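All remarks here apply to the structure that follows.
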Amino acid sequence: MIELRSLSLKEMQNFIEEIGEPKFRAKQVFKWIHKGVEDFESMTDLSKNLRIKLSEKAYIKNMEIVKKQVSKVDGTVKYLLKLLDGNLIECVLMRYNYGNSICISTQVGCSMGCKFCASTIGGKIRNLTSGEMIGQIIMVQNDIKERISNIVLMGVGEPLDNFDNTIKFLELLKEPEGLHIGMRHITISTCGLVPEIKRLADLNYQITLAISLHAPNDEIRKKTMPIANRYSIEQILDACRYYIEKTDRRITFEYTMIDGVNDEREHAEELAGKLKGLLCHVNLIPINDVTERDLKRSNQDKIVKFKNILESRGIETTIRRELGTDIDAACGQLRRRYQEI
């Protein structure tokens, strides 16, 4: 059976012709799918014969909502979704005054092993298809009956470890007959896969690239991020310079504030020195509590002082607004709690 949500318009045209139908039908089917239709009977401008053919050879819906948590604090909604093979993923809807944003997953589990993230507990099970990434957006839009305008690939998984499916997802997103979301409305987060950062740079998408840095030096980074044993901070920064040169886009550095690990004055000064002259922005993140990890967040006073030091050195810095703190909104938390029941 063919997963239609993963097909590009060109692939849809080939498929439609293969089942003996005229090519123009592909655009109709493609538009229905990305408008949120989940069954062929709802495609009212198609012949009954074509709808039967499609139901015999393909499918649309590739997940269902298992659980939904709505924050009483800020309206953030966390979804637990079950895929057709029974695996679970998460996505989070965040409401802002400029529109609805969704943070989606790109893998079932994660192999990166970052100690401050619940997503990595249990490792990676498999990559998501581009259609399963699209499916998260469609499922949420269908649920809230509103359009999502901003996409963040910062949920469960490492997007650049699933490079080909992630790129196909981006191509599907910008399709005028599909969801038609511009590249400047998309953020991709990576823990620092150097070759893939350069491959992404060569594609010259006008997305926002966010680097999960979380330490001012390799010694500290290795304590919480196994990827640091493969790529040094200097290698990552070299890849970032290449990315900026190719795309002329500012990079965001994500920095989780962990008490007693990376939050002292000297850490802020060292980080500022590393980033000096780079077209970038630092986003300080108070760590979410993960029961299985013995790491605690920095207190608010330390976080503010860290921000002030970076800004005094010319590094634009923000403290991430915490959303969904009452609904397990951190990556992997809801999925893990559900699996343990």
Side-chain angles (χ1 to χ4, degrees), residues 71-76 78 92 94-98 101 103 112-120 152 154-155 187 189-192 208-225 227-228 233 236-237 240 250-333:
S71 171
K72 295 176 182 177
V73 178
D74 50 44
T76 296
K78 182 146 197 176
V92 180
M94 298 161 288
R95 299 180 184 277
Y96 297 97
N97 55 13
Y98 54 79
S101 292
C103 179
M112 296 297 109
C114 301
K115 290 186 178 179
F116 44 78
C117 181
S119 303
T120 67
V152 182
M154 206 178 283
T187 297
S189 175
T190 176
C191 65
T208 297
L209 180 64
I211 306 290
S212 294
L213 197 61
H214 307 308
N217 60 55
D218 293 323
E219 183 182 357
I220 293 175
R221 200 166 193 258
K222 286 176 182 178
K223 292 178 181 177
T224 56
M225 301 182 71
I227 193 68
I233 288 178
I236 293 171
L237 294 180
C240 289
R250 184 181 73 166
I251 285 179
T252 295
F253 289 101
E254 306 283 351
Y255 195 98
T256 298
M257 300 292 292
I258 309 171
D259 185 45
V261 175
N262 65 353
D263 60 349
E264 302 297 336
R265 168 177 285 276
E266 59 265 28
H267 298 144
E269 291 174 347
E270 185 176 8
L271 179 63
K274 288 270 200 325
L275 302 183
K276 185 178 180 181
L278 206 62
L279 181 61
C280 71
H281 161 260
V282 173
N283 193 18
L284 301 179
I285 307 167
I287 190 174
N288 288 290
D289 292 332
V290 178
T291 306
E292 297 84 354
R293 308 298 200 191
D294 187 26
L295 298 173
K296 303 204 178 295
R297 69 166 59 195
S298 307
N299 65 50
Q300 190 64 21
D301 184 53
K302 261 192 173 181
I303 296 172
V304 171
K305 286 180 179 176
F306 201 98
K307 174 181 184 287
N308 292 340
I309 292 169
L310 290 177
E311 289 183 330
S312 71
R313 304 294 190 276
I315 308 296
E316 186 176 329
T317 307
T318 54
I319 299 172
R320 177 181 288 179
R321 174 187 166 203
E322 295 184 78
L323 296 173
T325 53
D326 58 330
I327 57 165
D328 297 325
C331 295
Q333 286 185 340

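Counting begins at 1 with the first residue of the sequence. From a predicted model like this one, the values you see are computed outputs, not experimental measurements.
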In this structure, CD1 of I258 is separated from NZ of K296 (nearest 0.5 Å) by 12.5 Å
Between Y255 and N262, is a side chain to side chain contact (heavy atoms under 4.5 Å, CB included) present by the stated rule, with each step listed? CA-CA 9 Å; Y255 195 98; N262 65 353; 3.3 Å; yes
Does E266 CD have over 12 foreign heavy atoms under 6.0 Å away? yes
For P286 and L284 the tightest heavy-atom approach is CD-O, 3.8 Å
Rounded distance (nearest 0.5 Å) linking atom OG of S312 with atom CD of E269: 8.0 Å
Side-chain contact test, heavy atoms from C-beta onward, threshold under 4.5 Å: evaluate it for M257 versus R297 and give yes or no. no
Nearest-0.5 Å distance, NZ of residue K307 to OG1 of residue T318: 7.5 Å
Looking at L213, is its backbone amide N or carbonyl O close enough to the side chain of R221 to form a donor-acceptor pair, meaning the two atoms are under 3.5 Å apart? yes
Interatomic distance, K222 atom NZ to N217 atom CG [nearest 0.5 angstrom]: 10.0 Å
Set out, in order, the CA-CA distance, both residues' side-chain angles and the distance that settles side chain to side chain contact (heavy atoms under 4.5 Å, CB included) for L271 and F306, then state yes or no. CA-CA 10 Å; L271 179 63; F306 201 98; 4.1 Å; yes
How long is the span from the CZ atom in F116 to the OG1 atom in T224, to the nearest 0.5 Å? 5.5 Å
Between the SG atom in C280 and the CG atom in L209, the distance rounded to the nearest 0.5 Å is 12.0 Å
Looking at every non-hydrogen atom in both residues, tell me the closest pair between C191 and M112 and how far apart they are. SG-SD, 3.5 Å
How close do L275 and V282 get, heavy atom to heavy atom, and via which atoms? CD1-CG2, 3.5 Å
For the pair K302 (side chain) and D259 (backbone), establish whether a donor and an acceptor sit closer than 3.5 Å, ignoring hydrogens and angles. no
For M154 and A210, the nearest pair of non-hydrogen atoms, with its separation, is CE-CB, 4.2 Å
K305: which residues meet the side-chain hydrogen bond (donor to acceptor under 3.5 Å, both in side chains) condition with it, sequence neighbours left out? D301
Side chains of P216 and K274, heavy atoms from C-beta outward: is any pair under 4.5 Å? no
Locate the shortest heavy-atom distance separating I227 from G192; write the atom from each residue and the value. CG1-O, 4.3 Å
For the side chain of N283 and the backbone of T252, is there at least one donor-acceptor N/O pair under 3.5 Å apart? no
Apply side chain to side chain contact (heavy atoms under 4.5 Å, CB included) to residues L278 and I251 and explain how you reach the verdict. CA-CA 9 Å; L278 206 62; I251 285 179; over 6 Å; no
Sub-3.5 Å donor-acceptor pair from the side chain of H281 to the main-chain atoms of E316, do we have one? no
For side chain to side chain contact (heavy atoms under 4.5 Å, CB included), just list the numbers for V304 and I319, CA-CA rounded to whole Å, side-chain angles, deciding distance to a tenth of an Å, and then say yes or no. CA-CA 8 Å; V304 171; I319 299 172; 4.2 Å; yes
Are more than 12 heavy atoms from other residues, nucleotides or ligands located less than 6.0 Å from atom CZ of R265? no
Please check if the side chain of D218 supplies one atom and the backbone of I233 the other of a donor-acceptor pair under 3.5 Å. yes
Heavy-atom closest pair, residues A215 and I220: CB-CG2, 3.8 Å
